[in-house]
Protein chains: 2
Amino acid sequence: MPRTPRLDDRRERLIGEAARLFREQGYERTSVRQLAEAVGILSGSVFHHFSSKEEILLEVMRSTIDHMIDSLREASESTSDVEQRLYQLVRTELELLHGQTRDGVAVAFFQWHSLGADNQRRILAMREAYEQIWLDALEQARRRGLIDTEPFVTRRLLTGANGWTIYWYQQDGKLGLDDLADQVCRLLFKEPITG
Amino acid sequence: MPRTPRLDDRRERLIGEAARLFREQGYERTSVRQLAEAVGILSGSVFHHFSSKEEILLEVMRSTIDHMIDSLREASESTSDVEQRLYQLVRTELELLHGQTRDGVAVAFFQWHSLGADNQRRILAMREAYEQIWLDALEQARRRGLIDTEPFVTRRLLTGANGWTIYWYQQDGKLGLDDLADQVCRLLFKEPITG
DNA sequence: TTGCCTACCAAGCAAGCGCTTGGTAGACTT
DNA sequence: AAGTCTACCAAGCGCTTGCTTGGTAGGCAA
């Protein structure tokens, strides 16, 4: 049994387990010892990979936000129809919140207040690209009369509505993710989606 | 300077300061010592009024939820017009989230996961009366064709949208609470509010 | 073969945590 | 006047926390 499994393999595993634990229990209630145990090392060894506990949270968010931006950009560019585009954005955000990357996404959505002021600002800056995709799409929709609400306010309300689903929506119920996205879009648009 | 200012005065002050601190810093990041200092006593003396730290959080939520139910019920009964009623509910919830009682309301909205499983269930049960008022109004609106979304899902989406405003809405900006309530209702209803 | 580097262990430190204990000043009751 | 109760203080206990330190096994390069 080699002491060195693979370069940076442990670091990735630490980030993954941290995302899971932070989501399930919250950042403050998760101890470094608990995280270390989850990947099979001792607590002190965690600090060989990260300089502080907060840096772990930061890395969880950073890698997650990168992924979120990629996914949302792809969704945005998947169609040129504005209505369809907004549906895809909604659908993608819900997918992010409930799919395989849900742990990190939930943490990025709801646990930024566990960061210090500086890192909070850093994360907020990273999210800006993500929010800009939303704002662009909403502004397009407003110009074409598909929505009659302010893009800025609308996006913030939508952020809350979508993010909050992690606390009540269960994938295995009879309400599928598509249905949920449909319900959200019914609020967003005055008329049902065409096509 | 009398040792006994007034009966249960300190307890009320403790709940108020706890609500403020829990909102500003979160439950875990607020220490009993810090709370004690905020009301001018030593940390041990807090446990003369409460049996545990968690009981303080529970009391913050309990008293807050009582107030929320009263406010929402009053709003619901203030009009018999369904559209107007829903607007009043939205307006009232936003008022609760940003008015004088905002500390406790924010805590009740976003910090229930800091409670143990038993107390979580207890709080959830208390909120049921609050949610029922919403569901009744939404069901009425659906029957009259004012909305075309599921009341249950709609309420949950609305919970997130409204609750999330505590993280971005600022009272002193040019967007007033009335304007905000109006924007929310534009999402909710297909047509602008009449009257 | 020597020497360095990575990834870890073993042990533990200082600080802070929630909470307990024993005692007491002052108000209230009888 | 005596006894009781409330609301607190002073001190500290046991425990957990994030993090540090010193050392070492194994892989790799010269």
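First the proteins, then the strands, lettered A, B, ... as listed; each starts at 1. Predicted, not measured: the structure shown is a model, and the values here were computed from it.
Distance CD (A:Glu28) to P (C:dC17): 13 Å, rounded to an integer number of Å. Atom C1' of nucleotide C:dC8 and atom CZ of A:Arg13 are separated by 15 Å, given to the nearest angstrom. The separation between A:Phe47 atom CZ and C:dG12 atom C1' is 14 Å, rounded to whole Å. Distance, B:Ile41 CD1 to D:dT6 C1': 13 Å, rounded to whole Å. The distance from atom CG of A:Leu14 to atom C1' of C:dA7 is 12 Å, rounded to the nearest whole Å. In this structure, CG of B:Leu58 is placed 17 Å from P of C:dG18, rounded to the nearest angstrom. If you measure from atom NZ of B:Lys53 to atom P of D:dC15, you get 20 Å, rounded to the nearest angstrom. With rounding to whole Å, B:Leu42 atom CG is found 6 Å from D:dA10 atom P.
Nearest heavy atom pair, residue A:Phe47 against residue A:Ser52, reads CE2-CA, 3.9 Å. Closest approach of B:Arg11 and B:His49 over heavy atoms only: NH1-O, 3.0 Å.
More than 12 heavy atoms of other shown residues, nucleotides or ligands fall within 6.0 angstrom of atom CD in B:Gln34.
Using a 4.5 Å cut-off on side-chain heavy atoms (C-beta onward), A:Val60 and A:Thr64 make contact.
No hydrogens or angles were tested; on distance alone, a donor-acceptor pair under 3.5 Å links the side chain of A:Ser43 to the base of D:dC19.
Considering only side-chain N and O atoms, A:His48 lies nowhere under 4.0 angstrom from the phosphate OP1 or OP2 of C:dC8. A sub-4.0 Å separation between OP1 or OP2 of C:dA7 and a side-chain N or O of A:Ser45 is absent.
A:Tyr167 has its ring centre less than 6.0 Å from the ring centre of A:Phe110. Ring centroids of A:Trp164 and A:Phe109 are separated by 6.0 Å or more, keeping the two rings apart.
The stretch residues 30-40 of chain A comes close to DNA chain D through A:Thr30, A:Ser31, A:Val32, A:Arg33, each having a heavy atom under 4.0 Å from the strand.
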Please write out each protein N/O paired with an N/O of nucleotides 3-5 of chain D under 3.5 Å, distance rounded to 0.1 Å.
none

Show your reasoning for whether side-chain hydrogen bond (donor to acceptor under 3.5 Å, both in side chains) applies to B:Arg85 and B:Gln140.
-> CA-CA 10 Å; B:Arg85 171 173 295 158; B:Gln140 283 179 336; 2.8 Å; yes
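Looking only at atom types and distance, the side chain of A:Thr92 has no donor-acceptor partner in the side chain of A:Ser71 under 3.5 Å away.
The ring pair (Phe, Tyr, Trp, His ring centres under 6.0 Å) pairs that include a residue from residues 135-154 of chain B number zero, where partners must be two or more places apart or lie in different chains.
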